[in-house]
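Presented below is the structure to which this report refers.
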Amino acid sequence: AGLEKTASVEPASTALVPAPVDIANKLRYLFGRNGDYTVTDAYQGTAWSVREKLIDSFNKTHDHWKEEDPKFIYYLSAEFLMGRSLINTVYNLGLDGEYAEALNQLGYEMEKVADAERDAALGNGGLGRLAACFLDSMATLDLPGWGYGIRYKYGMFKQALKNGYQVELPDIWLTKGNPWELRRDDVKFEVGFGGRVERRKQGNKEVTMWTPSEKVIAQAYDNPIPGFNTPTTSNLRLWDAVPLTEFDLSAFNAGDYDRAMLERERAEGISAVLYPNDSTPEGKELRLKQQYFFVSASLQDVLSRFKAVHGNNFDLLPEKACFQLNDTHPTIAVAELMRLLLDVEGLDWDQVWTISTKCLNYTNHTVMPEALEKWPVKVMAKMLPRHMEIIEVINEGWTKWLAGHLKDLAPEERAKRIAAMSIIHENPWNKDEMLVNMAYLAVVGSSAVNGVAAIHSNIVKDEIFNDFYQIFPSKFQNKTNGVTPRRWLAWCNPELASLITDTLGTSEWINDTEKLAGLRAYASDKAFQVKWAAVKKAKKAKLAELIKKVHGDEVNQDALFDIQIKRIHEYKRQYLNVLSIIWRYKQLKKMSPEERKKAVARVCVIGGKAASAYDMAKRIIRLVTAVGDVINKDPDTKEYLRLYFLPDYNVSLAETIIPAAELSQHISTAGTEASGTSNMKFQMNGCLIIGTWDGANIEIAEETGIDNVFVFGVRAEEINQLRKERKNFKTDPRWDELMRDIEGGMFGDKDYFKPLVDSVNNMKVGNDWFLLANDFASYLKAQEDVDACYKDQSEWLRRSIMYTAGSGKFSSDRTIREYAEDIWHVKPCRPTV
Ligand SMILES: [N-]=[N+]=N[C@]1([C@H](N)O)O[C@H](CO)[C@@H](O)[C@H](O)[C@H]1O
């Protein structure tokens with residue numbers, strides 16, 4: 001793992017070179033810059049200097065783990081939404097003081113320099129960011145663990161607004177090089193696709209030979225992951241797809257330039273771009289190719305390191321390695337681990353099945369039926385013929401076992417149950433097509449299956465996988481999500497962090513967040529409330545600055561900052577938020593100037609990307625910008641209400657918005673948001689929540705005190721019935737008025753907004769599947785409660801402090817400790833300094 005030591009020459013670490021000198025050295029020798037540095041220079045110089053300290057810690061850690069040979073956890077994920085690394089790395093390594101001083105000497109502020117870094121946006125939303133938070137906690141808890149994923153050349157698209165509509169731009173993030181990665185020329189694996197499978201006699205054994213028709217090389221890039229306040233630096237290994245042959249000269253000489261480049265393009269195309277869908281599957285074959293590409297390279301890598309130490313003693317593998325499948329995206333691992341141990345290592349089926357199921361664990365992140373990946377058998381059989389065979393054999397064994405297990409049932413009932421749990425089943429929308437259900441394959445092929453919040457894990461057990469739960473109840477667990485308090489409180493809100501540390505008299509809360517509960521004693525302390533409010537005010541000023549930069553408007557910084565930032569999706573109901581803003585606007589318009597003065601002014605911010613092919617989500621974005629265009633310019637109301645869509649929402653923007661937020665919205669239809677994680681980040685930063693009884697909102701309310709949260713809306717268990725009765729639901733007259741306004745062109749673009757109105761209001765066309773009309777009245781009521789509470793600032797601040805005090809549970813350290821104890825059975829292994 002660490003850089004191989006040559007017997008003769010011991011590399012001299014640059015740790016002894018004073019940081020300002022080292023930065024200047026990097027700029028001179030890496031970038032040919034000799035003074036009058038730009039802010040980008042200052043970033044590059046600092047990053048390449050810090051990089052060496054990071055590599056030192058990385059090597060020490062991996063040398064130690066090599067000696068100790070502990071059990072490892074490998075987190076397989078198609079997404080890692082890392083964001084920027086400079087601040088996190090400098091602070092986690094405890095180098096913040098040294099480098100802040102160094103940059104001052106060069107005439108730069110750390111914060112400004114940090115802004116020059118591009119986000120590593122190798123993910124869509126919650127699922128990808130969760131993986132990044134998990135890596136931070138695994139390293140901070142000294143757990144021997146690596147992330148494995150894809151080094152996309154183009155990450156999550158950049159979002160821009162053109163006349164109020166979303167436009168997507170490629171995320172060209174690697175052009176200036178990446179100081180946070182190490183290309184590992186000594187770590188490459190072949191990955192095959194297509195071709196045919198043959199059986200051959202070898203001695204008395206029959207062996208299976210898969211001859212792929214296409215091969216690419218998986219090239220490893222290591223991204224050291226520094227833990228906080230520990231010598232441990234773990235790793236995120238990302239794979240880049242490169243062609244076997246760099247350039248087909250013979251084709252070129254034959255004048256066939258295209259063919260000369262063909263193999264290169266085809267190979268590079270595999271890791272070129274992240275599919276921009278959140279909670280909806282991508283059916284394109286290239287997506288399956290991406291999934292198999294990184295899974296095969298990762299498993300080959302783990303087995304080769306295992307064999308280097310333990311030879312062919314594969315029965316030992318489950319004691320030395322376990323894998324977490326981050327949703328169904330890496331589920332092909334069930335068949336690939338079987339193939340590698342069966343066909344390459346020559347072990348027999350039952351032994352391999354035992355080893356494989358012991359090693360694999362699966363996390364489900366959504367119950368949306370349309371989000372559960374199902375690959376057509378014909379696509380799988382063409383691209384991965386050997387894997388399709390293995391999946392058929394797994395399914396045969398599984399359905400045969402089921403027949404035995406359900407022998408007491410009546411034959412037709414038994415057949416029905418078996419068909420309902422078959423990994424390979426008909427496409428309900430096209431009977432001639434058979435599908436491979438990747439979620440069922442993951443459940444059958446794993447030791448543990450978990451949901452990501454209590455309510456979600458119950459729905460997983462009681463609804464989507466109930467048949468499986470009844471057969472192996474002990475396989476199903478809950479692991480409520482968490483977020484790293486380093487990035488999402490200590491580093492993005494240092495002002496609040498130092499107030500907390502001063503008040504609690506320790507900074508230990510940064511990796512022991514249960515200690516935040518100590519703030520409860522200060523919730524009603526007037527002097528403390530003043531300091532608390534001052535921090536929030538300063539952060540609001542920063543956000544106001546950003547709004548000015550993006551939209552050119554000065555906003556009222558004494559207004560309530562009301563935020564909804566997350567991927568745009570109908571189930572997350574940004575549409576409902578906009579409707580309440582239109583209603584608020586209309587109330588303000590009806591008021592006299594005196595009455596308006598008594599109203600609670602609001603600055604509403606909405607941000608989030610819509611998947612590029614998701615038409616309805618794009619219409620929601622346009623409605624937000626159209627409503628904003630009208631109300632922000634209205635002389636009567638613009639002092640009391642604003643609505644801004646902040647484009648290109650990503651990790652870095654969240655780090656600016658969340659500390660400034662006073663109210664955040666998590667208003668998904670109950671039972672649809674598996675967990676949510678931005679809700680936890682807002683809570684940590686003392687931002688109050690208006691939300692439905694859904695996902696982790698419920699556990700946040702339990703920890704913060706239910707009376708401190710503005711909860712509204714129907715409960716998950718009512719949904720099915722309400723959907724059936726939706727067409728007879730008597731809508732609120734205010735709702736009807738707003739539908740007429742939008743349909744009537746109050747915000748222009750009425751034809752473009754018609755499908756939006758129809759989707760929730762015209763039962764012949766849409767059926768308001770996400771029950772916006774049903775929750776409308778109680779939502780407006782909850783918003784009135786927010787206004788009433790905000791008018792009593794001491795009550796508001798008491799609640800704000802109680803939020804942070806109750807956020808201890810939502811540290812990803814707690815989540816990872818639970819995974820490590822209940823699923824992975826890995827133990828901390830801290831290198832000695
Ligand atoms: N896919 N997916 N699932 C999600 C998010 N969209 O990425 O995973 C997140 C991480 O588990 C959840 O917080 C969120 O509720 C869920 O919808």
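Residue numbers start at 1 and run along the sequence shown. Order of listing sets the numbers, starting from 1, for every ligand and every atom in it.
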For this session: Taking only heavy atoms of Ala674 into account, list the atoms of ligand 1 that are under 4.0 Å away from them.
Result: 15 (O)
Exercise. So, the side chain of Asn235 versus the backbone of Ile225: is there a donor-acceptor pair under 3.5 Å, distance only?
Worked result: no
For this session: Using a 4.0 Å heavy-atom cut-off, say whether Thr363 meets ligand 1 through its side chain, its backbone, both or neither.
Result: neither
For this session: Before accepting this row, confirm whether a basic side-chain N of the pair Arg573/Glu673 lies closer than 4.0 Å to the acidic partner's carboxylate O.
Result: no
Problem set entry | atom 15 (O) of ligand 1: nearest protein contact (heavy atom, Å) | Glu673 OE2, 2.6 Å
Exercise. Can you check whether His365 has an N/O within less than 3.5 Å of an N/O in ligand 1?
Worked result: yes
For this session: Please identify which atoms of ligand 1 are closer than 4.0 Å to at least one heavy atom of Tyr571.
Result: 17 (O)
For this session: For ligand 1, find out whether one of its N or O atoms is nearer than 3.5 Å to an N or O atom of Thr366.
Result: no
Problem set entry | Polar contact flag for Leu127 and ligand 1 (N/O pairs, less than 3.5 Å) | yes
Exercise. Would you say the ring centroid of Trp488 lies under 6.0 angstrom from that of Phe810?
Worked result: no
Problem set entry | Electrostatic pair Asp136-Arg487, nearest N-O below 4.0 angstrom | no
Problem set entry | Asp171/Arg118 salt bridge by N-O under 4.0 Å criterion | yes
Problem set entry | Lys/Arg-Asp/Glu bridge criterion (N-O < 4.0 Å) met for Asp813, Arg486 | yes
Exercise. Around Lys153, counting heavy atoms of other residues, nucleotides and ligands shown, do more than 12 lie under 6.0 Å from its NZ?
Worked result: no
Problem set entry | Interfacing atoms of ligand 1 (cut-off 4.0 Å, heavy-atom, Asn481) | 10 (C), 11 (O), 13 (O)
Seminar exercise, completed: Hits for side chain to side chain contact (heavy atoms under 4.5 Å, CB included) against Ala674, two or more places apart or cross-chain, chain-then-number order -> Val452, His456
Exercise. Backbone or side chain, does any N or O of Lys572 fall under 3.5 Å from an N or O of ligand 1?
Worked result: no
Exercise. Where the closest heavy atom to atom 12 (C) of ligand 1 is concerned, which of Ser678, Ala131, Gly676, Ala371 has it?
Worked result: Gly676
Problem set entry | N or O pair under 3.5 Å between Val452 and ligand 1 | no
